[in-house]
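Comments concern the structure below.
For reference, positions follow the sequence shown, starting with 1.
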Amino acid sequence: RSSISMLSSFSVPSRKDSAVERKSSVKLRRGILKQKEKEMPAVNSLEEEIRKLQHEVERVRPILQQVINERLVEEDIIPKCESVISTSSRIFEEVYSAVWHLVVFTEDDVIEDYVTAAKALDDKAQRGIGHGV
């Protein structure tokens, strides 16, 4: 049984229960929680987790590098990549367009405020870094 189901199987003391019964119930639950804490595996430090991740990255790096090298010499790789990027872009444009139309339809009362704010941000972005952005 899980510790949660074990804890929930105990009745919650009511106001009518004596102080001794309530104290006994609390001690019992505390004891169960302490036991469950002991049974839990130790949590590694952040440094240990980083070392594990670094080890795993180093382990798979040669395999990943081999796949990358094979792909780089694949015939017509640049046009294939451009095609994938273009196709995915078109798909997401359709999704974004559908979401935009839904927002316009459902937020009719505030859409002009949004358009004004978005246009101001776009204007700043078009001017670029060092021009008031």
Side-chain angles (χ1 to χ4, degrees):
R1 285 176 46 181
S2 74
S3 58
I4 302 238
S5 65
M6 289 176 67
L7 287 174
S8 63
S9 67
F10 297 107
S11 62
V12 176
S14 70
R15 290 180 183 215
K16 294 186 290 182
D17 292 332
S18 72
V20 173
E21 288 172 326
R22 287 193 301 265
K23 190 173 182 180
S24 171
S25 177
V26 168
K27 280 185 178 181
L28 183 58
R29 290 179 188 183
R30 225 183 256 150
I32 291 171
L33 286 174
K34 284 182 181 181
Q35 180 60 36
K36 291 300 172 187
E37 285 174 356
K38 288 178 186 176
E39 293 171 7
M40 290 179 63
V43 176
N44 294 326
S45 68
L46 178 59
E47 293 81 14
E48 178 63 23
E49 293 300 323
I50 290 172
R51 278 193 293 278
K52 285 181 183 178
L53 178 60
Q54 287 172 333
H55 174 75
E56 191 63 21
V57 167
E58 291 305 316
R59 187 182 71 76
V60 298
R61 183 187 306 261
I63 299 164
L64 291 173
Q65 190 61 56
Q66 180 182 353
V67 171
I68 291 169
N69 291 343
E70 289 170 4
R71 293 285 171 95
L72 289 176
V73 295
E74 190 176 306
E75 189 174 330
D76 296 326
I77 189 66
I78 301 298
K80 286 179 185 177
C81 290
E82 287 175 344
S83 174
V84 168
I85 292 168
S86 176
T87 300
S88 65
S89 175
R90 281 193 306 275
I91 290 169
F92 280 109
E93 283 177 13
E94 291 173 14
V95 171
Y96 296 144
S97 178
V99 170
W100 173 249
H101 291 315
L102 178 64
V103 169
V104 168
F105 180 74
T106 59
E107 302 294 330
D108 188 43
D109 56 333
V110 293
I111 201 66
E112 284 303 317
D113 294 338
Y114 172 80
V115 170
T116 302
K119 181 165 179 9
L121 289 173
D122 187 54
D123 290 346
K124 284 184 178 183
Q126 296 300 323
R127 287 193 301 269
I129 295 175
H131 296 90
V133 177

CA sep, side-chain torsions, deciding dist, call: Arg71, Glu74, salt bridge (Lys or Arg N to Asp or Glu O under 4.0 Å): CA-CA 5 Å; Arg71 293 285 171 95; Glu74 190 176 306; 3.7 Å; yes

At what distance, to the nearest 0.5 angstrom, does CG of Asp113 lie from OG1 of Thr116? 6.5 Å

Keeping the roles fixed (side chain from Thr106, backbone from Leu102), state whether a donor-acceptor pair exists under 3.5 Å. yes

Which value, rounded to the nearest 0.5 Å, describes the distance between Glu56 atom CD and Lys52 atom NZ? 11.0 Å

Quick one: does Val110's side chain get under 4.5 Å of Glu107's, heavy atoms only? yes

Do Ser88 side-chain atoms and Ile85 backbone N/O form a donor-acceptor pair below 3.5 Å? yes

State, yes or no, whether a side-chain contact exists between Lys80 and Glu75 at a heavy-atom distance under 4.5 Å. no

Shortest non-hydrogen contact between Ile77 and Leu72, atoms and distance: CG2-O, 4.0 Å

Looking only at side chains, do Glu58 and Gln54 share a donor and an acceptor under 3.5 Å apart? no

Under 3.5 Å: donor-acceptor pair, side chain of Asp122, backbone of Ala118: no

Do the ring centers of Trp100 and Tyr114 come within less than 6.0 Å of each other? yes

Do the side chains of Arg51 and Glu48 get close enough for a salt bridge, i.e. N-O under 4.0 angstrom? yes

Single-linkage hydrophobic cluster, 4.5 Å side-chain cutoff, Val99 and Val115 together: yes

Using salt bridge (Lys or Arg N to Asp or Glu O under 4.0 Å), reason through Lys119 and Asp123 one step at a time and then give a plain yes or no. CA-CA 6 Å; Lys119 181 165 179 9; Asp123 290 346; 3.3 Å; yes

Check: Thr87 side chain, Ser83 main-chain N or O, donor-acceptor pair, under 3.5 Å: yes

